[in-house]
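Below is one structure, written out as structure tokens, with a few remarks after it.
Below, all heavy atoms of this structure are taken into account, side chains as well, without hydrogens, waters or symmetry copies. All residue numbers in this chain count up from 1 along the given sequence. Keep in mind the model is a prediction, meaning the values are calculated, not measured.
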Amino acid sequence: MLRIYFTGEDILRTRVAPAPDPLWELVLSLHLLQGRSRDPLMSTWRRSVTRRLSQDTAADQMRLLFALNPPRGYFPDFLTPYESVSGFDAGLDAVRSTPAPMLRRDVALLAGANPLPASASALARGETEVLAQLTRSMEQYRDLAISPYWPRIQAAVEADRNRRARALLDGGVEGLLASLRPAMRWASGVLEVRDYPHSRELHLEGRGLLLVPSFFCARTPVALLDPALPPVLVYPVDRLGGLAPAGGGDGVPAAGRDALAALLGRTRAAVLEASTDGCTTGEVARRLDISAAAASQHATVLRNAGLLVSQRDRNTVLHTITPLGRAVLNA
């Protein structure tokens with residue numbers, strides 16, 4: 001079990017990442033791709049990415065990247081720098097600038113339990129060209145495995161952020177932390193992460209905690225090993241039906257395109273607009289003066305078209321607009 005200890009100052013400094021973290025999503029997707037999980041929501045994505053990798057002539061250049069990210073156990077902290085909260089390019093710049101002592105430590109820890117290619121030794125020495133090649137392979141892998149599905153990943157994370165925002169409004173930061181159940185338990189200033197692979201304590205000591213909702217995070221939340229690094233806790237979001245093959249570059253499958261044709265009428269446009277900042281079925285019904293059954297029916301059509309995502313939280317269903325839905329609304 002991982003126990004994270006908060007002070008009053010830590011409570012004030014705890015926040016949720018503003019968007020999916022591109023490097024955390026990349027690294028955690030590598031773990032899922034190589035793992036033994038039979039998660040049916042991810043099977044289509046795994047087959048598609050595996051096929052693309054087998055056809056890509058640059059796949060051999062990703063050997064070090066895959067070796068640094070085994071499906072289970074430790075993986076290097078330097079691959080998920082705090083700077084990636086500002087975007088993919090900022091994260092890659094931070095990876096390229098990793099201090100040599102950190103590289104040596106992280107590679108040595110990984111080598112203790114995993115076979116590594118010869119290029120890992122050059123990486124541990126901080127050789128510039130190896131770091132450059134590693135980040136190039138991260139870009140290549142992202143283009144193959146992440147970018148085609150990014151709208152769906154964004155939608156799932158945004159839906160989770162809306163859920164956490166409502167918990168924060170209702171109960172403050174402690175309400176936000178309590179909303180992370182059942183994977184985590186908040187009580188008396190301590191956040192306990194259940195089913196963590198080993199027993200560990202993390203004292204925030206006034207630095208606060210960055211909560212990072214992640215599509216590719218498996219069942220158990222993840223924290224950095226080095227307690228001196230800015231505290232981050234990555235936790236899984238509801239995958240909202242998994243990752244379907246992208247269609248036409250916008251991440252919407254063909255079934256969603258057929259459903260999009262049904263999106264005529266002012267009421268559905270109003271439902272879409274009401275869901276901009278997250279709205280429950282009951283709230284939609286009250287705002288638009290329609291029945292709860294009608295609100296639910298319209299939300300279902302919008303969801304099937306890929307314009308909304310819906311999350312059930314106990315007795316309520318929260319609807320959140322997707323990036324595609326926002327684009328349609330803005331147009």
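In this structure, Asp77 contributes its side chain and Leu225 its backbone to a donor-acceptor pair below 3.5 Å. Formation of a donor-acceptor pair under 3.5 Å by the Thr50 side chain with backbone atoms of Arg47 is not found in this model. Under the 3.5 Å distance criterion, the side-chain polar atoms of Thr98 are matched with a main-chain donor or acceptor of Val95.
With sequence neighbours excluded, the residues forming a side chain to side chain contact (heavy atoms under 4.5 Å, CB included) with Asp143 are Ser147, listed by chain and number. Under the salt bridge (charged side-chain N to carboxylate O under 4.0 Å, His left out) criterion, Arg287 pairs with no residue, sequence neighbours left out. Shown here are the side chain to side chain contact (heavy atoms under 4.5 Å, CB included) partners of Arg136, two or more places apart in sequence or in another chain: Glu129, Ala132, Gln133, Glu139. Every residue two or more places apart in sequence or in another chain was checked for a side-chain hydrogen bond (donor to acceptor under 3.5 Å, both in side chains) with Thr322, and none qualifies. The salt bridge (charged side-chain N to carboxylate O under 4.0 Å, His left out) search around Asp226 returns Arg105, not counting sequence neighbours. When the side chain to side chain contact (heavy atoms under 4.5 Å, CB included) test is applied to Ser291, the partners found at least two apart in sequence or on another chain are Ala293, Ala294. Remark: Thr281 pairs with Ala295, Ser296, Val317, His319 by the side chain to side chain contact (heavy atoms under 4.5 Å, CB included) rule, at least two apart or across chains. Checked against ring-ring contact (aromatic ring centres under 6.0 Å, His included), Trp150 has no partners two or more places apart in sequence or in another chain. In this structure, the salt bridge (charged side-chain N to carboxylate O under 4.0 Å, His left out) partners of Arg166, at least two apart in sequence or on a different chain, are Glu283. Applying the ring-ring contact (aromatic ring centres under 6.0 Å, His included) criterion to Tyr82, with sequence neighbours excluded, gives no partner residue. Scanning for side-chain hydrogen bond (donor to acceptor under 3.5 Å, both in side chains) contacts around Thr7 gives Asp10, with sequence neighbours left out.
When hydrophobic side chains of Ile, Leu, Val, Met, Phe, Trp and Tyr are connected at separations under 4.5 Å, Tyr5 ends up clustered with Val190.
Side-chain atoms of Thr220 and Asp195 include no donor-acceptor pair closer than 3.5 Å.
The pair Arg3-Glu201 does not count as a salt bridge, with every side-chain nitrogen at least 4.0 angstrom from each carboxylate oxygen.
Within a 6.0 Å radius of CZ in Arg63, no more than 12 heavy atoms belonging to other residues, nucleotides or ligands are found.
Linking ILVMFWY residues whenever their side-chain heavy atoms come closer than 4.5 Å, directly or via other members, leaves Leu177 and Leu12 in distinct clusters.
Smallest separation of non-hydrogen atoms from Leu131 and Arg96: CD1-O, 3.6 Å.
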